[in-house]
Amino acid sequence: MPWHRKHLLTLEDLSLSEIELIHAAAASFKKVLGRRVKRVPALRGKTVVNLFLEPSTRTRISFDMAAKLLSAEVISFDAASSSTTKGETLRDTAQNIQALHADMIVLRHACSGSPLYLSRVLDIPVINAGDGAHEHPTQGLLDTFTMKEHLGSLKGRKVVILGDILFSRVARSNIHALTKMGAAVTLVGPSTLVPEWFTDLGVKVSHDLRGALADAEVVMLLRIQHERQGASHFPSLGEYTSMFGLNKTRASWLNPRAIIMHPGPINRGVEIDSELADGDRSVILEQVTNGIAVRMAVLYLCAGGKPENVMPVE
Ligand code: CP
């Protein structure tokens, strides 16, 4: 299947075939990462600017590594020392970066819709690295890629997403990808953070943690997004943990083969206990590693790379 997109803005936009195409390209790039010489020339001569206006560890570093492994030049924008602190707008900042001959912009921003906005005012590809509570498409792609590595096809697989769904861009991107891939998704958490209207997206909503976990083949924990919550949605963190935190007792309700996921950053002892985050069923660090191959695939395809030319597999 050909790839026609210049930008990656949402997973809501993508078809199942497009998601599968990115996963297939990521699988090829992952094989390359296992070699002694990992760098490939696909983006030689191109410059990728990581325009991160919100904090990030995993996404920023893995986009940086992905672009470098594709032989691009990478410039990481330092928001704190930039002219945004003098009032320069996002549009002006991005248009100036384009005028400086950047070939792609990877944007993280607190405002939902900011990557879509930039895609309309720039000529170069824009990749969404997380916009407000809207979407985090490469996270959804790397999460579903990791699930496929463990479970094979996700058709009919039972995935529980547990935590602050309302303010989570990771949840939204995963919901769009997982429902297209045929998974049965159940959202669990307090009703203030998991409102019933999420069922409009083709998922179940449950406040019965034990029942949901007993069925799950994957449980994905999400942290409480304090930075996006204008008001408190539960009495205290301690009460949230006592009702919904994943601890050893609750993990015993899971199928022994179920995997435990978290996009990070983890708040240990809040949404998940350390012994589970670090335990045998946790694939949290695999998710992080897979972020490199998935982001290589996204950068490659959005830069105009042909899917059929994606790395010789052997
Ligand atoms: N998962 C994720 O987006 O992590 P960072 O905020 O560290 O990039």
Side-chain angles (χ1 to χ4, degrees), residues 8-12 22-23 26 48-69 74-80 104-115 126-147 149 159 161-178 189 193 218-229 246 259-268 270-272 276-278 282-299:
L8 179 67
L9 304 176
T10 71
L11 295 189
E12 186 175 15
I22 296 171
H23 282 161
V48 176
V49 174
N50 282 330
L51 178 52
F52 277 56
L53 292 152
E54 252 198 351
S56 169
T57 296
R58 285 146 288 271
T59 312
R60 183 178 181 142
I61 291 176
S62 60
F63 265 115
D64 190 310
M65 292 185 80
K68 285 178 177 156
L69 289 165
V74 184
I75 297 175
S76 276
F77 179 87
D78 178 14
M104 300 181 94
I105 285 184
V106 179
L107 176 66
R108 169 165 289 192
H109 201 284
C111 292
S112 297
S114 46
V126 176
I127 312 298
N128 181 2
D131 61 330
H134 176 223
E135 280 227 32
H136 192 346
T138 56
Q139 183 72 46
L141 289 164
L142 74 89
D143 290 339
T144 47
F145 181 87
T146 305
M147 288 180 214
E149 285 190 327
V159 179
I161 308 180
L162 168 58
D164 175 0
I165 311 291
L166 185 59
F167 293 95
S168 173
R169 55 195 176 206
V170 174
R172 283 172 181 74
S173 286
N174 268 286
I175 289 167
H176 291 304
L178 286 165
L193 293 176
V218 177
V219 57
M220 179 185 296
L221 288 313
L222 298 176
R223 75 183 171 89
I224 303 297
Q225 311 264 311
H226 296 289
E227 69 275 28
R228 276 179 249 292
Q229 295 185 5
L246 191 66
I259 56 171
I260 296 173
M261 305 183 76
H262 194 309
I266 295 173
N267 289 142
R268 289 173 183 265
V270 179
E271 69 272 10
I272 185 168
L276 297 167
D278 303 329
S282 167
V283 300
I284 295 170
L285 293 178
E286 288 176 39
Q287 291 170 256
V288 178
T289 303
N290 283 337
I292 303 171
V294 165
R295 290 175 175 127
M296 286 174 83
V298 167
L299 291 172

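Atoms within each ligand, like the ligands themselves, are counted from 1 in listed order. The analysis underlying the following values was restricted to heavy atoms, covering all of them including side chains, and did not include hydrogens, waters or symmetry mates. Count residues from 1 along the sequence.
The nearest pair of heavy atoms linking Q139 to P263 is NE2-CB, 3.4 Å.
In this structure H176 satisfies the ring-ring contact (aromatic ring centres under 6.0 Å, His included) test with no other residue, sequence neighbours excluded.
Residues V106 and L299 have side chains in contact (heavy-atom distance under 4.5 Å, counting atoms from C-beta outward).
In this structure, a donor-acceptor pair under 3.5 Å is present between the side chains of H136 and R108. Using modelled atom types and a 3.5 Å distance limit, the side chains of T144 and H23 yield a donor-acceptor pair.
Closer than 4.0 angstrom to ligand 1 lie heavy atoms from S56, T57, R58, T59, R108, H136, Q139, P263, G264.
Within the model, atoms CG of D143 and OG1 of T138 stand 9.5 Å from one another, a figure rounded to the nearest 0.5 Å.
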